[in-house]
Amino acid sequence: MARRARALALAALVAALLGPAHAPAAAPKTDLVDVEDEVMCVTCKVPLNIAEGPQPDSQRALIRDLIAQGRTKAQIKQALVGEYGPDVLALPDDEGFGVTAYAIPLVLGALVIAGLALLVPRWRRRPATGMTSAGGRDRDGADVSAADARRLDEDLARYDG
Amino acid sequence: MKRALVPAIATVLALSLVGLLAYGLVSRSVDDSIEQSVARGEFPPAPSSTLPVLGGTGTQSIAGLRGKVVVLNFWASWCKPCEAEAPLLERTHKALQSSGTGTVLGVTHHDSTPASMKFARDNGISFPSLRDVGTKLADRYGTNNIPETFVIDRSGRIVDVFRGQIDQRFIDRALAKVR
């Protein structure tokens, strides 16, 4: 009986000692594919999901470790910035040549707006070429009599009603 | 007049884009100004930043080592030539320490803390290393192809540089300049 109790106590002790080491890792909250396309390979300056080589492999190993620790994607990206700096995020630099990535879309947007502001009033001022109830030409340039136009207006009114 | 406006704007935009492309290419070109200065015998002042110590809680800078010879080495755990030259750097560090003349100072490059720590342990590295997060210091040395080694004299000037895996001949040549 005492022998059995000692064996049980020993088994409990072994289980307690081995328990934490063999405990399952924290449940993953994201995966490598989900993180990879939002971070850059810091040496090759391309998204990590298309980068190959020892340095990007090292970045992936770190991401896998962080995933295994149960970190979220946001936490992993924050940790990567702490290890590699802000360039690891798939965002252009906010200084030097990288500024053009922000500036060019703004300039193009401003040009489009300016173009629209210039052209739309001109387009609205152009003379109407469509048919009228008094007759004239339709959009294809075919002759439309006043009677036809009136009948069409009546049909449309019925249709709307 | 109005007909000429659209082609003029298109030309200006095209020229601007070509200019931006040219600027982008020029701004990313290799900076070898340190080598050129050293080759002319001008020995430029060593750029310095205060950086966190790998595996420690404090910070250190190259400027803080003024009065000592510093063999500054940029390395990373994923770099095979860095692994190959690690024993030579370790021997050099021990020699500099025992003579009281200086130190080898490592700077990690695009490397994570756990990976750098494991590399230092696996390769028996005892010299201190700094973490250059975002490569701000490396950029000032024109470093983009590690390993790279800079030998700095007691007055804080770069007397020799090698971009690639160093050998004993380089160390002997460089340290001869600072003795």
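Hydrogens, waters and symmetry mates are skipped; everything else that's a heavy atom, side chains included, is used. Quick note on labels: first sequence line is chain A, next is B, and so on, each numbered from 1.
- Interface remark: Val81(A) contributes backbone atoms only to the contact with chain B (heavy atom separation under 4.5 Å).
- Closest of all the heavy-atom pairs between Leu62(A) and Ser112(B) is CD2-CB, 3.7 Å.
- The environment of CZ in Arg40(B) is crowded: more than 12 heavy-atom neighbours from other residues, nucleotides or ligands sit within 6.0 Å.
- Atom CD of Glu52(A) has 12 or fewer heavy atoms from other residues, nucleotides or ligands within 6.0 Å.
- Considering OH of Tyr84(A) and CZ of Arg131(B), their distance stands at 9.5 Å, rounded to 0.5 Å.
- Heavy-atom distances place the side chain of Leu111(A), and not its backbone, under 4.5 Å from chain B.
- The contact between Asp111(B) and chain A is made by backbone and side chain atoms together, counting heavy-atom distances below 4.5 Å.
- Heavy atoms only, all atoms of each residue included: Pro54(A) and Trp78(B) are closest at CB-O, 3.5 Å.
- Heavy-atom contacts from other residues, nucleotides or ligands closer than 6.0 Å to CD of Gln78(A) number 12 or fewer.
- When Gly82(A), Ala79(A), Ala61(A) are compared by the number of non-hydrogen pairs under 4.5 Å with chain B, Gly82(A) comes out ahead.
- Contact detail for Thr113(B) and Glu83(A): the closest heavy-atom pair is N-OE1, 2.7 Å.
- Applying the 6.0 Å contact sphere to NZ of Lys73(A) captures more than 12 heavy atoms from other residues, nucleotides or ligands.
- Residues Ile152(B) and Ile34(B) share a single hydrophobic cluster, defined by chaining ILVMFWY side chains whose heavy atoms lie under 4.5 Å apart.
- Within 6.0 Å of NZ on Lys177(B) lie more than 12 heavy atoms contributed by other residues, nucleotides or ligands.
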